[in-house]
Student: 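Attaching a single structure in structure tokens format; questions to follow.
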Amino acid sequence: MTALKNDRFLRALLRQPVDVTPVWMMRQAGRYLPEYRATRAKAGDFLSLCKNAELACEVTLQPLERFELDAAILFSDILTVPDAMGLGLYFEEGEGPRFRKPVRTEKDVADLPVPNAATDLDYVMNAVRTIRGALNGRVPLIGFSGSPWTLATYMVEGGSSKDFRTIKRMLYAQPDVLHALLDKLALSVIDYLNQQILAGAQAVQIFDTWGGVLSTGSYQDFSLRYMEKIVKGLIREHDGRKVPVILFTKNGAQWLELIANTGCDCAGLDWTNEIAAARARVGDRIALQGNMDPSVLYASASDIRAEVGRILAGFGKGNGHVFNLGHGIALDADPDKAKVFVDAVHELSAQYHI
């Protein structure tokens, strides 16, 4: 593979020295970009876009043409794994993802296959290989998956949920059934991420979007336990480099020390946490990623720069910070404001890396 021209993202994840703080944005390829909307229209629909390697590559690279980002992230969706289990994923306008066959019973779980990622999700691996080739060493490529708990919420609820009532009923009334489902998902995610790494992903992130809706005990038993299993099952060195792992539990900063104990290299923080306090809690055990509120991009350019400066000062001098938004960029964000954000991170962070 081609040597990396910009590896500061990977170095920061491993808490190695960098010249400036690296930055990327969750959902950096998406609807806030007019060029993305044009490519999606060409594909016909979201799933068709995900399954077309050339178009998935095109939208992955689009934000890099606008912004001096330090990483690209595979364009795909967290629900590819349950889709490969035969649940019939579709997207309803205004309603988000839905499954034609939700998982509700012990038999439903028993009947679920564990997909073979190399064959059942070959379109994802084709996209990874295509993107790596097109990047030509420009920046690293991030692969990703949803966490078992987060994937299970969609599978059991049948789609998005506001109160997670159905899966929480399963958690408390049929915990063994839910554990069986989560175990299958953990095995599936291990294979899925390892295949992404073999195809060319140079770091991976596990999105635990809904871990924060759980109590502490339930989070440990039904979410963190399975993410730790995944971390332990991943390929951690490939192509002569370490492959860092990022865990991101939205609304999960109260469990930061537990997350650090999983063996991951980095914890993602949402915007409800102060990064200074987070760093004080974990020291140099892991890197931290985050954590500007995506809504700050609605502010003036000067206010965006001020917030970037405040977060950089909160982390302070030293290694191990990847700047990001605290969640995905809003679909109506102004790309010009996103450029202000990215440029400010590089410009204002140099003083912390002398």
Side-chain angles (χ1 to χ4, degrees), residues 13 26 50 73-87 89 97 99 103 108-128 141-157 167 171 177-212 214 218-238 243-250 252 258-259 261-268 289:
L13 289 176
M26 288 184 273
C50 290
I73 183 165
L74 165 70
F75 183 82
S76 188
D77 191 80
I78 64 168
L79 298 181
T80 50
V81 169
D83 185 43
M85 290 175 153
L87 300 188
L89 174 65
F99 285 112
V103 177
D108 289 342
V109 174
D111 288 347
L112 281 176
V114 173
N116 181 325
T119 54
D120 298 330
L121 289 158
D122 60 330
Y123 66 90
V124 177
M125 310 315 150
N126 289 337
V128 171
L141 175 62
I142 307 166
F144 72 91
S145 173
S147 71
W149 164 258
T150 291
L151 298 180
T153 65
Y154 290 98
M155 295 165 72
V156 174
E157 298 288 339
I167 192 166
L171 186 156
V177 174
L178 183 52
H179 278 304
L181 173 57
L182 293 168
D183 196 55
K184 278 192 174 182
L185 285 167
L187 293 173
S188 301
V189 170
I190 289 169
D191 182 37
Y192 184 50
L193 290 178
N194 279 340
Q195 288 301 319
Q196 288 184 41
I197 292 165
L198 293 173
Q202 292 148 292
V204 293
Q205 175 158 314
I206 299 171
F207 285 87
D208 187 32
T209 310
W210 299 121
L214 293 168
S218 293
Y219 174 73
Q220 290 178 272
D221 289 344
F222 293 91
S223 183
L224 193 67
R225 165 180 169 183
Y226 293 97
M227 289 195 289
E228 183 172 7
K229 180 174 182 175
I230 292 165
V231 171
K232 286 177 167 41
L234 290 179
I235 296 168
R236 301 303 293 273
E237 190 165 331
H238 185 61
V243 181
V245 180
I246 307 163
L247 298 189
F248 174 61
T249 295
K250 188 182 177 190
L258 297 174
I259 292 169
N261 289 339
T262 62
C264 69
D265 299 286
C266 178
Q289 179 175 276

Student: Mind listing the closest non-hydrogen atom pair of Ser223 and Asp208 along with its distance?
Tutor: OG-OD2, 2.9 Å
Student: Taking all atoms of both residues into account, what is the closest heavy-atom pair of His238 and Ile235, and its distance?
Tutor: CB-CG2, 4.3 Å
Student: Quick one, Gln205 and Phe248 - any side-chain contact, counting heavy atoms below 4.5 Å?
Tutor: yes
Student: If we ignore hydrogens and angles and just use 3.5 Å, is the side chain of Lys184 paired with the main-chain N or O of Leu112 as donor and acceptor?
Tutor: yes
Student: Applying side chain to side chain contact (heavy atoms under 4.5 Å, CB included), name anything that partners Ala118, two or more places apart in sequence or on another chain.
Tutor: Asn116, Gln195
Student: With a 4.5 Å heavy-atom cut-off, do Leu151 and Val189 have their side chains touching?
Tutor: yes
Student: Rounded to the nearest 0.5 Å, what separates atom CG in Asp83 from atom CG in Asp77?
Tutor: 9.0 Å
Student: Checking ring pair (Phe, Tyr, Trp, His ring centres under 6.0 Å) for the pair Phe99/Tyr154: CA distance, chi angles, key distance, verdict?
Tutor: CA-CA 8 Å; Phe99 285 112; Tyr154 290 98; 7.5 Å; no
Student: Got a donor-acceptor contact below 3.5 angstrom from the Asp191 side chain to the Ala117 backbone?
Tutor: yes
Student: Is a side-chain N or O of Thr150 found less than 3.5 angstrom from the main chain of Trp210, in a donor-acceptor match?
Tutor: yes
Student: Measure up the Tyr226 and His179 rings against each other and bin them: parallel (under 30°), tilted (30 to 60°), perpendicular (over 60°).
Tutor: tilted
Student: Hey, are the side chains of Met155 and Asp108 touching, using non-hydrogen atoms and a 4.5 Å cut-off?
Tutor: no
Student: With a 4.5 Å cut-off on side-chain heavy atoms, are Thr80 and Cys50 touching?
Tutor: no
Student: Begin with the C-alpha distance, continue with both residues' side-chain angles, and end with the deciding distance and a verdict on side chain to side chain contact (heavy atoms under 4.5 Å, CB included) for Arg236 and Ile197.
Tutor: CA-CA 9 Å; Arg236 301 303 293 273; Ile197 292 165; over 6 Å; no
Student: Should Gln220 and Leu258 count as side-chain neighbours, where that means a heavy-atom distance under 4.5 Å?
Tutor: yes
Student: Provide the closest heavy-atom pair for Ala199 versus Met125 in the form atom of the first, atom of the second, distance.
Tutor: CB-O, 4.0 Å
Student: Please name the pair of heavy atoms, one in Val81 and one in Pro115, separated by the smallest distance, quoted to 0.1 Å.
Tutor: O-CG, 4.1 Å
Student: Looking only at side-chain N and O atoms, does Trp149 offer a donor or acceptor that is under 3.5 Å from a partner on Tyr219?
Tutor: no
Student: Can you measure from CG (Leu13) to CD1 (Ile246) and round to the nearest 0.5 angstrom?
Tutor: 4.5 Å
Student: Can you tell me how far apart CG (Leu121) and CG (Asn126) are? Round to the nearest 0.5 Å.
Tutor: 11.0 Å
Student: Identify the two heavy atoms, one from Ile190 and one from Ile230, that lie closest to each other, and give their separation to 0.1 Å.
Tutor: CG1-CA, 3.6 Å
Student: Taking side chain as C-beta onward, heavy atoms only, is Leu171 less than 4.5 Å from Leu214?
Tutor: yes
Student: In Å, rounded to the nearest 0.5 Å, how long is the span from CG of Leu247 to SG of Cys266?
Tutor: 8.5 Å
Student: How long is the span from the CD1 atom in Ile206 to the CG atom in Leu234, to the nearest 0.5 Å?
Tutor: 6.0 Å
Student: Kindly indicate, with the supporting measurements, whether the criterion side chain to side chain contact (heavy atoms under 4.5 Å, CB included) is fulfilled by Asp183 and Lys229.
Tutor: CA-CA 9 Å; Asp183 196 55; Lys229 180 174 182 175; 2.5 Å; yes
Student: Residues two or more places apart in sequence or in another chain: which of them pass ring pair (Phe, Tyr, Trp, His ring centres under 6.0 Å) with Tyr192?
Tutor: none
Student: What distance separates Leu79 CG from Leu87 CG, expressed to the nearest 0.5 Å?
Tutor: 9.5 Å
Student: Side chains of Val103 and Met85: closer than 4.5 Å at any heavy-atom pair?
Tutor: no
Student: Quick one, Ile259 and Cys264 - any side-chain contact, counting heavy atoms below 4.5 Å?
Tutor: yes
Student: If you apply the rule side chain to side chain contact (heavy atoms under 4.5 Å, CB included), what do you find for Leu74 with Ile142, and how did you get there?
Tutor: CA-CA 6 Å; Leu74 165 70; Ile142 307 166; over 6 Å; no
Student: Closest heavy-atom contact between Ala152 and Leu181?
Tutor: CB-CD2, 3.9 Å
Student: Under 3.5 Å, side chain of Asn261 to main-chain N/O of Glu228, donor-acceptor pair present?
Tutor: no
